[in-house]
Amino acid sequence: MKETTLILVTGATGKVGSEAVRQLAAQHHPVRALVRDPSRAPRGDVEVAIGDFDHPDTLDAAMRDVDTVLLVSPAVPAQEMAVIDAAVRHGVTHIVKVSSKASADSPVARRRGQARIEAHLEATGLAHTLLRPNAYLQNLLALAPMVSRTRSFPMSAGDGQVGMIDARDVAAAATAIVTAPSEHTGRTYWLTGPELITYTDVAKELTAALGHPVEYRRITPAEHRAAMIGAGVPETVADSNAQAFGLIAEGDAAWLSDDVKALTGETPCSLRTFLAEHIEAFS
Ligand SMILES: NC(=O)c1ccc[n+]([C@@H]2O[C@H](COP(=O)([O-])OP(=O)(O)OC[C@H]3O[C@@H](n4cnc5c(N)ncnc54)[C@H](OP(=O)(O)O)[C@@H]3O)[C@@H](O)[C@H]2O)c1
């Protein structure tokens, strides 16, 4: 049974948050979107709270009368912990957290950070649900300008397979949970697309969709890190990304689950469909 509650979505201008807000509003659930830039606030039947993870007073204002929080952010521990603490102060009853393959002893700093956030959430005693999506198909869009310019893309994932998922499917799974949270208390869902994909597959699908060859140029994680920094990615993010791609090459992302279908009733988006929808960006 669906519960009528006010749902706060953080990261509401991001890949998952924006789509979750859109889906919740389309399903006529009361939803409040936390955004830091009013000019980027979602339109339509959505309440907007202007706030910043670094300013707890704005989080307090955003939490008023909220029952359930969909917590999405760049996963900086102090910021997410501030959101969790504000939720506790305001009597929020359930948090659905978008996490990743979190682990306290992961070589990837971002995953250790996620583990710290999860431990903090657990320690509050608040009812919660964790989502562990595989890598987002939307990450491929970062390759689009390079593919468009050079008909090739560099990547340090070797032949590693990835159960890539469309962020819109992550949002759909999150929407199913935040609208009936008590059914999902204490659960962890592993969210993936329908297939295991290598970057060779990406090059093949782009080749077919664009009608000209697209080459996957294999580089090392160290080369990848340097390229990301050269492109303006902050060093800590480049470090975690390069480490994550190195792990992908070793099979770390070669996992699939049926959780999206179980939660939403829909088969998640495939690589081919995703690229067909976004092909203009690559051409
Ligand atoms: N990318 C992947 O492949 C992948 C895979 C598995 C898990 N994840 C997890 O997914 C989460 C990221 O989700 P996403 O990709 O949907 O995020 P995203 O697209 O990067 O969006 C981040 C959101 O956070 C907002 N934000 C950033 N700093 C803020 C601040 N100080 N105050 C308020 N809002 C702030 C951004 O607002 P602005 O628009 O104003 O910047 C934006 O709405 C992370 O936990 C990550 O570990 C990602």
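What you see is a predicted model, and the numbers here were worked out from it, not measured in a lab. As the structure lists them, so they are numbered: ligands from 1, and atoms in each ligand from 1.
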Members sharing V237's hydrophobic cluster, built from side-chain contacts under 4.5 Å between Ile, Leu, Val, Met, Phe, Trp and Tyr, are M228, V233
- Polar proximity ligand 1 side, E80 side, N/O cut 3.5 Å exclusive: no
Which is it for R217 and E223 under the salt bridge (charged side-chain N to carboxylate O under 4.0 Å, His left out) test, yes or no, and what are the steps along the way?
CA-CA 12 Å; R217 288 186 282 115; E223 288 167 334; over 6 Å; no
* **salt_bridge(D259, R187) N-O dist < 4.0 Å** => no
(message) Please confirm whether Q114 approaches ligand 1 to less than 4.0 Å, judged on its heavy atoms.
(response) yes
Review point. Taking the inter-plane angle between the rings of Y199 and F245 on a 0 to 90° scale, is it parallel (under 30°), tilted (30 to 60°) or perpendicular (over 60°)?
Key: perpendicular
### Message
V72 versus ligand 1: do any nitrogen or oxygen atoms come within less than 3.5 Å of each other?
### Response
no
A12 heavy atoms within 4.0 Å reach ligand 1 at atoms 43 (O)
Look only at interatomic distance and state if S100 has a nitrogen or oxygen under 3.5 Å from any nitrogen or oxygen of ligand 1. no
Among A33, G14, G113, A244, the residue with a heavy atom nearest to atom 21 (O) of ligand 1 is G14
Of T13, V35, V162, the one whose closest heavy atom lies nearest atom 36 (C) of ligand 1 is T13
Self-check item: Contact check, side chains of L140 and F153, non-hydrogen atoms, under 4.5 Å
Solution: no
Apart from V48 itself, its cluster of hydrophobic side chains linked below 4.5 Å comprises V35, I50
Considering both backbone and side-chain atoms of F53, is one of its nitrogen or oxygen atoms within less than 3.5 Å of a nitrogen or oxygen in ligand 1?
yes
With heavy atoms and a 4.0 Å threshold, my read on which part of N139 contacts ligand 1 is side chain
With heavy atoms and a 4.0 Å threshold, my read on which part of Q79 contacts ligand 1 is side chain
Quick look: R40 vs ligand 1, heavy-atom contacts under 4.0 Å, and the answer is side chain
**Report entry** Min side-chain heavy-atom separation H94-S182 under 4.5 Å
**Finding:** no
- Query: Can an N or O of R36 be found at a distance shorter than 3.5 Å from an N or O of ligand 1?
  - Reply: yes
Would you confirm whether the ring centroid of F274 sits within less than 6.0 angstrom of the ring centroid of H278? yes
